[in-house]
There are 2 protein chains.
Amino acid sequence: MTAAHVHHPDLTRNQSLVYDVLNGSDAPLSAYSILDALRGEGFRAPLQVYRALEKLRAYGLVHRLESLNAFVACSHPDCAGHETAGFAICEKCGKVSEFAEERIAAPIRDWAKREGFVLAGSMIELRGLCRDCREG
Amino acid sequence: MTAAHVHHPDLTRNQSLVYDVLNGSDAPLSAYSILDALRGEGFRAPLQVYRALEKLRAYGLVHRLESLNAFVACSHPDCAGHETAGFAICEKCGKVSEFAEERIAAPIRDWAKREGFVLAGSMIELRGLCRDCREG
DNA sequence: TCGGGATGTGTTATGACATAACATAACGAA
DNA sequence: TTCGTTATGTTATGTCATAACACATCCCGA
């Protein structure tokens, strides 16, 4: 486990197993990939994964990448507060870097305020090439 | 048809039918909803819709909402240039408003530049309540 | 005008992602 | 202990998207 997170104290066995698989992965994983990774631990059905993911997302330990239908462990401590996380997805190596920049979040909140839109959450996903892959 | 777009001159019949369905809808539509709307025009299979959508997206006439697995007609004239469009999705009424604000796009480009990330495209989707629904 | 590549279309089958519904078990507080 | 809440296991189903192949159409250049 990296230094990014101490486990939420009340994770169940399934939640903990799913979190550890995501946290040990370089790249986002689909729910079915997680399922396959946990067959040895007794997982049999997609719902076992989806239910754990649902809780982990509520705890802020895991994010869903909408454009990939995949999931990543949060790379920020205490991420639950970050309503406006963003992700840069490398189309070559598949790695994702997460960011939470006030310079990006603020103008979005401002737009919402001007429009009278009550912001409940936001999703920002960038496609492109990461620094390591740009010279490839 | 609203004033937002004049049809791309070279739309085929299928592309035109799919575009018109989206353009006539208040809210985003799934590919299968579009298919059902076009059965009367002879559509039988999902691929007929997906192939039209693929072209329409390439022309900038249609956008995909990743968080909904659904599609909307572009609401900006000459949208092909707006690589960094964003969408505010009302969770009550389902309506979507599209925006393309330099104040939002610029800090994202800046972040990418600082990180050495070669930006190929971006997805920005906001969840919340629109002005009309916030008082409901 | 005759090809021949590029693009569009129709159809069947399949793959990938996600949830409904129901039963059982574990847990924690009154 | 008892009861509500939360977690779990399982089967079946629903939703979204694409592969593979055959045929048609269009345009352009020899």
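Per chain, numbering begins at 1; letters A, B, ... match sequence-line order.
For residues 27-40 of chain B, the side chain to side chain donor-acceptor pair (under 3.5 Å) pairs, not counting sequence neighbours, are B/S30-B/S33, B/D36-B/R39.
B/V72 has its side chain out of reach of B/V62: every pair of non-hydrogen atoms, C-beta onward, lies at least 4.5 Å apart.
Here the range on DNA chain D touched by chain B, meaning any atom under 4.0 Å from one of its heavy atoms, is D/dC16 to D/dA20.
Under 4.0 angstrom from either OP1 or OP2 of C/dA18 there lies at least one side-chain N or O belonging to A/R64.
Among residues two or more places apart in sequence or in another chain, the side chain to side chain donor-acceptor pair (under 3.5 Å) test is passed with A/N69 by A/R64. For the side chain to side chain donor-acceptor pair (under 3.5 Å) test, no residue two or more places apart in sequence or in another chain qualifies with A/R57.
Side-chain contact annotation: B/E98 with B/S75, donor-acceptor N/O pair under 3.5 Å present.
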Legend entry - Base-contact (B) and sugar-phosphate-only (S) positions in nucleotides 23-30 of chain C, heavy-atom cut-off under 4.0 Å, - elsewhere: --------
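When all heavy atoms of B/L129 and B/K92 are compared, the closest pair comes out as CD2-CB, 3.8 Å. Closest of all the heavy-atom pairs between B/Q15 and B/D10 is OE1-O, 4.1 Å. Across all their heavy atoms, B/G94 and B/P28 have their closest contact at O-CD, 3.2 Å.
Residues A/L68 and A/V21 do not share a hydrophobic cluster, defined by chaining ILVMFWY side chains whose heavy atoms lie under 4.5 Å apart.
The structure places CZ of A/F71 at 5.0 Å from CG of A/L53, a figure rounded to the nearest 0.5 Å. For the atom pair CZ of A/R127 and CD1 of A/I89, the computed distance is 9.0 Å after rounding to the nearest 0.5 Å.
If you measure from atom OH of A/Y50 to atom P of C/dA21, you get 18 Å, rounded to the nearest angstrom. If you measure from atom CD of B/E66 to atom P of C/dC17, you get 14 Å, rounded to the nearest angstrom. One interatomic measurement links the two molecules: CG of B/D10 to C1' of C/dA6, which rounds to 14 Å at whole-angstrom precision.
Nucleotides of DNA chain D nearest to B/A70 and A/N14 differ in position, and the one nearer the 5' end is that of A/N14. Nearest-nucleotide mapping onto DNA chain C: of A/N69 and B/T12, the residue sitting toward the 5' end is B/T12.
For residues 24-48 of chain A, proximity to DNA chain C is found at A/S30, A/Y32, A/L47, defined as any non-hydrogen atom under 4.0 angstrom from a strand atom.
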